Student: 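One structure is given below, represented as structure tokens, and several questions about it will come after.
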Number of protein chains: 2
Amino acid sequence: MIFTTKAEYGVRLLVELGRQERSAPVSLKVIAEAEALPLAYLERIVALLKRAGLVESTRGAHGGYRLARPAAEIRMDDAVLALEGVVAPMSCFVDDRVDGRVLCSHLDDGHHGCGTRLLWMRVQGGVVDALRRTTLQELVDFAAREPQIAAPVAEDGRLPLRVA
Amino acid sequence: MIFTTKAEYGVRLLVELGRQERSAPVSLKVIAEAEALPLAYLERIVALLKRAGLVESTRGAHGGYRLARPAAEIRMDDAVLALEGVVAPMSCFVDDRVDGRVLCSHLDDGHHGCGTRLLWMRVQGGVVDALRRTTLQELVDFAAREPQIAAPVAEDGRLPLRVA
DNA sequence: CTAACTCCGACCTCGTTGGTAGGATTCGCT
DNA sequence: AGCGAATCCTACCAACGAGGTCGGAGTTAG
């Protein structure tokens, strides 16, 4: 699998926040129940988003989180970067920010250059591209008009954050 | 990291085979030394390529491996599929071959559909696309005209498979 | 017959993933 | 003032997969 649950849960969390665009802050407890995710784990994940400036928090009673800026201005490459760290196809890919190029550390290991570099660069390009051209707003809209397969609302007592 | 060393080593191995297009079979030992990879581990990796029909083997003395078809006809999506198994961005992605669609298992978990599906589908599309439009031949050519950073030939006693 | 190979399965070690536990701290409310 | 709801923070932990080793058995040219 390419991404871990950090990305999965983190993006889900962002989508939930995106539905309540800029209203009162939403507590993690509510989100955890709505998405059926472990609260304690979510706490650690949302910390990543906060450090990246994608999310704001207010502490104390009736506190919670909300988006730091409109969903349309949150690109998913920022989100995933914050959640997963650098997205690279192989461990030998280091992004050296000096000249902005991504290079493969196998280059300097003696023999002919790493024959796989071209491939991994294309793959990484594909991923980064897909992430960058997707905004949180799109995901929110997409989730909203999702076809409901069955039993749309909570037969197990869970509450959707919002019905539509 | 997106891919494991299986993909890395496996593709490297294919590139090495690609350089000797259809000559006598090359033994793993030679490749292992040329690429500085563990022989025993390579054995298991090449088995994956063989099962996928990308590589042929001849046993016994002076045996070894060679490409089952011309490098230009080997697409990297086949290679990576053989090496890594299905490439999916998340564990919830199952590719059900009945109708050819890729779907997310979170769809049937009650509430509103998985808000992240659109994103992961785009990402997967980007990866698969990059893999499919890259042939082994391209990698062989690319590796051949690699700029040598320094000390091109073996100061540590390792032999390049071919000087080029 | 033996050296050089491919083939195969069991085993092992280490780091990461995905959590949990337990507590501070900060605030609204009464 | 004080309680409860929330964010914050660190430490801990079990399970799993990644990456690799080992030992051997089957095959074949010289």
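For clarity, every value in this text was computed on a predicted model and none was experimentally measured. Note that these values count all heavy atoms, side chains included, but never hydrogens, waters or copies made by symmetry. Below, read A as the first sequence line, B as the second, and so on, with proteins coming before strands; counting in each chain starts at 1.
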Student: Expressed as a whole number of angstroms, how long is the span from B:Met1:CE to D:dG17:C1'?
Tutor: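 Rounding to the nearest Å, CE of B:Met1 and C1' of D:dG17 are 16 Å apart.
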Student: Looking only at side-chain N and O atoms, does A:Ser57 come under 4.0 Å of OP1 or OP2 in D:dC8?
Tutor: yes
Student: Taking CG from A:Leu48 and P from D:dC9, how many angstroms apart are they, rounded to a whole number?
Tutor: 12 Å
Student: Take A:Thr135 and A:Arg75 through the side chain to side chain donor-acceptor pair (under 3.5 Å) test and state the conclusion after the steps.
Tutor: CA-CA 4 Å; A:Thr135 71; A:Arg75 287 194 324 248; over 6 Å; no
Student: Which residue, A:Gly63 or A:Ala47, contacts DNA chain D at a nucleotide closer to its 5' end, judged by nearest heavy atom?
Tutor: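 Whichever sits nearer the 5' end wins; that is A:Gly63.
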Student: Return the value, rounded to whole Å, for the distance between atom CZ of A:Arg51 and atom P of D:dT7.
Tutor: 17 Å
Student: When the distance from CD of B:Glu8 to C1' of D:dA18 is rounded to whole Å, what number comes out?
Tutor: 15 Å
Student: Please give, in whole Å, the distance from D:dT21 P to B:Leu42 CG?
Tutor: 10 Å
Student: D:dC8 C1' sits how many Å from A:Ile45 CD1, rounded?
Tutor: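 Going from A:Ile45 (CD1) to D:dC8 (C1'), I get 15 Å.
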Student: Roughly how many Å is it from CG in A:Leu28 to C1' in D:dA5, rounded to a whole number?
Tutor: 12 Å
Student: Could you run down nucleotides 14-25 of chain C 5' to 3' and tag each one B, S or - for protein heavy-atom contact under 4.0 Å?
Tutor: ----BBB----B
Student: Under 4.5 Å between side-chain heavy atoms, hopping through other hydrophobics if needed: is there a path connecting B:Met1 to A:Met90?
Tutor: no
Student: Decide yes or no on salt bridge (Lys or Arg N to Asp or Glu O under 4.0 Å) for B:Lys29 and B:Glu43, but give the supporting numbers first.
Tutor: CA-CA 10 Å; B:Lys29 191 180 168 212; B:Glu43 287 182 359; over 6 Å; no
Student: Could you check whether the rings of A:Phe3 and B:Trp120 sit parallel, tilted or perpendicular, using 30° and 60° as the cut-offs?
Tutor: tilted
Student: Walk me through it: do B:Lys6 and B:Glu84 pass the test salt bridge (Lys or Arg N to Asp or Glu O under 4.0 Å)?
Tutor: CA-CA 7 Å; B:Lys6 280 203 194 73; B:Glu84 297 279 3; 5.9 Å; no
Student: Just the rounded figure in Å: distance from P of C:dT6 to CZ of B:Arg66.
Tutor: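 For the pair B:Arg66 CZ and C:dT6 P, the rounded distance is 12 Å.
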Student: Hey, are B:Arg12 and B:Glu16 close enough for a salt bridge, meaning a charged N less than 4.0 Å from a carboxylate O?
Tutor: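 Here B:Arg12 does not pair with B:Glu16 in a salt bridge, since their nearest N and O are not under 4.0 Å apart.
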